[in-house]
2 protein chains.
Amino acid sequence: MGANGQEQQGTGIKRPPRLGEEVYNAIYAQLMSLKIPPGGRISVDNLVRELGVSQTPIREALSRLEAQGLVLKTHLVGYSAASQMDRKRFEQLYELRMLLEPYAAAQAAQHMSDAAVANLKRLAGEMEPTGKEDPRSAYSRFAQRDSEFHDLVAQGAGNELVQDSLARLHIHVHLFRLFYHSLATSEASIEHGEIIAAIDARNAVAAEKAMRVHIEKSKARFIHAVISAD
Amino acid sequence: MGANGQEQQGTGIKRPPRLGEEVYNAIYAQLMSLKIPPGGRISVDNLVRELGVSQTPIREALSRLEAQGLVLKTHLVGYSAASQMDRKRFEQLYELRMLLEPYAAAQAAQHMSDAAVANLKRLAGEMEPTGKEDPRSAYSRFAQRDSEFHDLVAQGAGNELVQDSLARLHIHVHLFRLFYHSLATSEASIEHGEIIAAIDARNAVAAEKAMRVHIEKSKARFIHAVISAD
DNA sequence: CGATATAAAATCCTATCGGATATATTATTG
DNA sequence: CAATAATATATCCGATAGGATTTTATATCG
């Protein structure tokens with residue numbers, strides 16, 4: 001089972017696209033872009049009119065989003081976007097990352113294929129801040145790549161359950177919805193580089209430590225925006 | 001957000017029951033009881049006839065089960081129960097448990113309320129093998145209590161994300177579907193007692209170690225049944 | 001007898017409809 | 001004027017019907 005449920009079938013048989021899948025992606029994009037604000041209500045009928053499909057695929061997509069914790073459902077009331085993380089949830093998220101991701105980095109250093117490492121390097125290259133760009137869309141792009149980076153490391157660890165558990169957190173979604181105004185990407189690129197170097201050197205201990213440092217610094221970069229909540 | 005999505009609303013307002021929820025529980029029970037075998041196809045129309053409800057709530061329940069990884073969906077083909085764990089997945093499951101549950105036990109020793117500890121003791125008492133009982137239903141009962149026990153410890157750790165990540169694995173479902181013929185409950189009861197004692201003594205180090213030992217022994221008890229797969 | 005092509009059945013996927021409930025608005029009353 | 005009650009609207013929940021696709025069964029042919 002893949003991380004995002006969008007893995008390709010090995011056989012080349014092309015199946016017609018599922019409408020529910022596109023609806024899922026559409027809603028997901030609206031959550032990422034903050035078009036649907038935290039806590040905002042999500043009306044099925046509105047989506048019917050907006051997307052031009054019937055209720056069935058929309059409800060199917062919303063059920064999946066609900067199971068993933070991205071939207072909430074109240075019986076006979078409707079769906080609504082998950083509220084922003086409070087301080088407590090933020091701490092919990094990084095606590096959990098700290099349990100899984102350094103381990104994943106260490107495993108990746110031992111098991112990752114050379115091709116996958118090359119993939120990692122390529123991706124890191126694309127994350128470099130490109131001089132002049134709209135800061136907001138730049139951070140959006142960075143968040144996307146950053147998510148892929150961490151997912152690749154988790155995938156390299158070879159434990160699909162760990163990879164899935166991390167993917168299900170939708171870390172980049174929640175963080176972006178908190179910090180869309182932020183920027184701070186150059187520091188993270190450096191830290192990513194150190195992680196890649198350790199993995200490339202097949203140094204598990206160094207990879208684990210580099211990931212640990214990266215997550216700690218990431219938390220320090222972001223925590224200022226959430227101090228409001230107790 | 002609760003672990004199973006079945007938490008009660010704090011307010012006493014009674015909402016009419018959701019049909020989709022009962023359908024979910026019905027299918028879940030059929031998975032636990034192996035009435036739907038691993039990999040077995042799940043026909044929506046059959047469920048319509050069997051449960052006497054329309055397709056809508058059934059598809060809603062199946063979507064949630066799909067998001068939780070308990071059933072698979074193939075476009076234009078239908079739903080099917082998740083296949084049995086193979087050796088690799090079994091190893092991954094215990095690897096992940098080893099990352100999260102000892103940590104949860106240590107946190108529980110520090111943060112769990114006395115009332116919750118009492119709850120833990122009560123539950124452990126109910127898990128004692130009760131002399132004469134049908135071995136199979138005895139193990140079914142044990143699996144249920146065991147799941148609650150570990151969930152309570154995770155809850156006591158105070159990190160809902162860790163608790164949810166563990167709950168989403170549906171450990172007891174997958175293990176039961178592998179080892180429904182097994183029994184081995186008395187040993188686990190002893191190990192549970194040691195975990196409780198450490199938590200009760202507020203000894204985080206001992207609780208972490210006791211949980212670690214318990215998971216390792218649990219793995220050793222079950223691994224024989226999965227050696228077939230490479 | 002085996003393989004292929006055709007036909008039939010089962011199933012899923014989407015769309016539409018009616019009933020039930022919660023929410024918002026308005027009107028009434030102390 | 002504030003608070004309550006009644007109404008109106010919007011929305012969800014569940015049921016049903018039709019179209020599309022896959023799968024299975026059957027028949028035909030080499």
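Heavy-atom basis, side chains included; hydrogens, waters and symmetry copies ignored. Chain A is the first sequence line, chain B the second, and so forth, proteins listed ahead of strands; every chain is numbered from 1.
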Discussion item. Nearest to the Val77(A) side chain among dT23(C), dA15(D), dT16(D), which nucleotide is it?
Written reply: dT23(C)
Fill in: Length of the CZ-P vector between Arg64(B) and dC13(D), whole Å
12 Å
Discussion item. Both conditions, 6.0 Å and 45 degrees, for the charged tip of Arg145(A) above the ring of Phe142(A): are they met here?
Written reply: no
Worksheet entry | Nearest-Å distance for atom pair CG/C1', residues Leu47(B) and dA10(C) | 15 Å
Worksheet entry | His170(A) ring center within less than 6.0 Å of Tyr28(A) ring center | yes
Worksheet item: Does a nitrogen or oxygen in the side chain of Arg49(B) sit under 4.0 Å from OP1 or OP2 of dT11(C)?
Response: yes
Worksheet item: Atom OG of Ser218(B) and atom CD1 of Ile171(B): how far apart are they, to the nearest 0.5 Å?
Response: 9.0 Å
Worksheet item: Atom CG of Leu51(A) and atom C1' of dA15(C): how far apart are they, to the nearest Å?
Response: 15 Å
Practice prompt. Output yes when at least one side-chain N/O atom of Arg18(B) is less than 4.0 Å from OP1 or OP2 of dC13(D), else no.
Written response: no
Practice prompt. Ignoring backbone atoms, establish whether His75(B) has a side-chain N or O less than 4.0 Å from OP1 or OP2 of dC13(C).
Written response: yes
Discussion item. Expressed as a whole number of angstroms, how long is the span from Gln55(A):CD to dC13(C):P?
Written reply: 18 Å
Practice prompt. Write down the distance between OH (Tyr79(B)) and C1' (dC12(C)), rounded to a whole number of angstrom.
Written response: 9 Å
Worksheet item: How would you label the contact of Glu60(B) with the nucleic acid (heavy atoms, under 4.0 Å): base, sugar-phosphate, or nothing?
Response: nothing
Worksheet item: In terms of the nearest nucleotide of DNA chain C, which residue is placed more toward the 5' end: Thr56(B) or Asp45(B)?
Response: Asp45(B)
Practice prompt. May I ask you to say what Ile42(B) touches in the nucleic acid, namely base, sugar-phosphate or nothing, with a heavy-atom cut-off under 4.0 Å?
Written response: sugar-phosphate
Response to the item:
Leu76(A) CG to dT11(D) C1', in whole Å, measures 10 Å
Discussion item. Using the side-chain heavy atoms of Arg59(A), tell me which of these nucleotides is nearest: dG14(D), dA15(C), dT22(D).
Written reply: dG14(D)
Worksheet item: Between Asn46(B) and Val53(A), which is nearer to the 5' end of DNA chain C once each is assigned its nearest nucleotide?
Response: Asn46(B)
Worksheet entry | Rounded distance in Å - NZ (Lys73(B)) to P (dT11(C)) | 17 Å
Worksheet entry | Cation-pi check, Arg64(B) onto Tyr24(B) ring (under 6.0 Å, within 45° of axis) | yes
Discussion item. What contact category does Ser43(B) fall into here, base, sugar-phosphate, or nothing, at under 4.0 angstrom with non-hydrogen atoms?
Written reply: sugar-phosphate
Fill in: For Glu50(B), side-chain hydrogen bond (donor to acceptor under 3.5 Å, both in side chains) partners two or more places apart
Gln30(B), Lys35(B)
Worksheet item: Is the distance from OP1 or OP2 of dG14(D) to the nearest side-chain N or O of Ser54(B) less than 4.0 Å?
Response: no
Worksheet entry | Residue whose nearest DNA chain D nucleotide is more 5′ - Leu19(B) or Arg41(B) | Leu19(B)
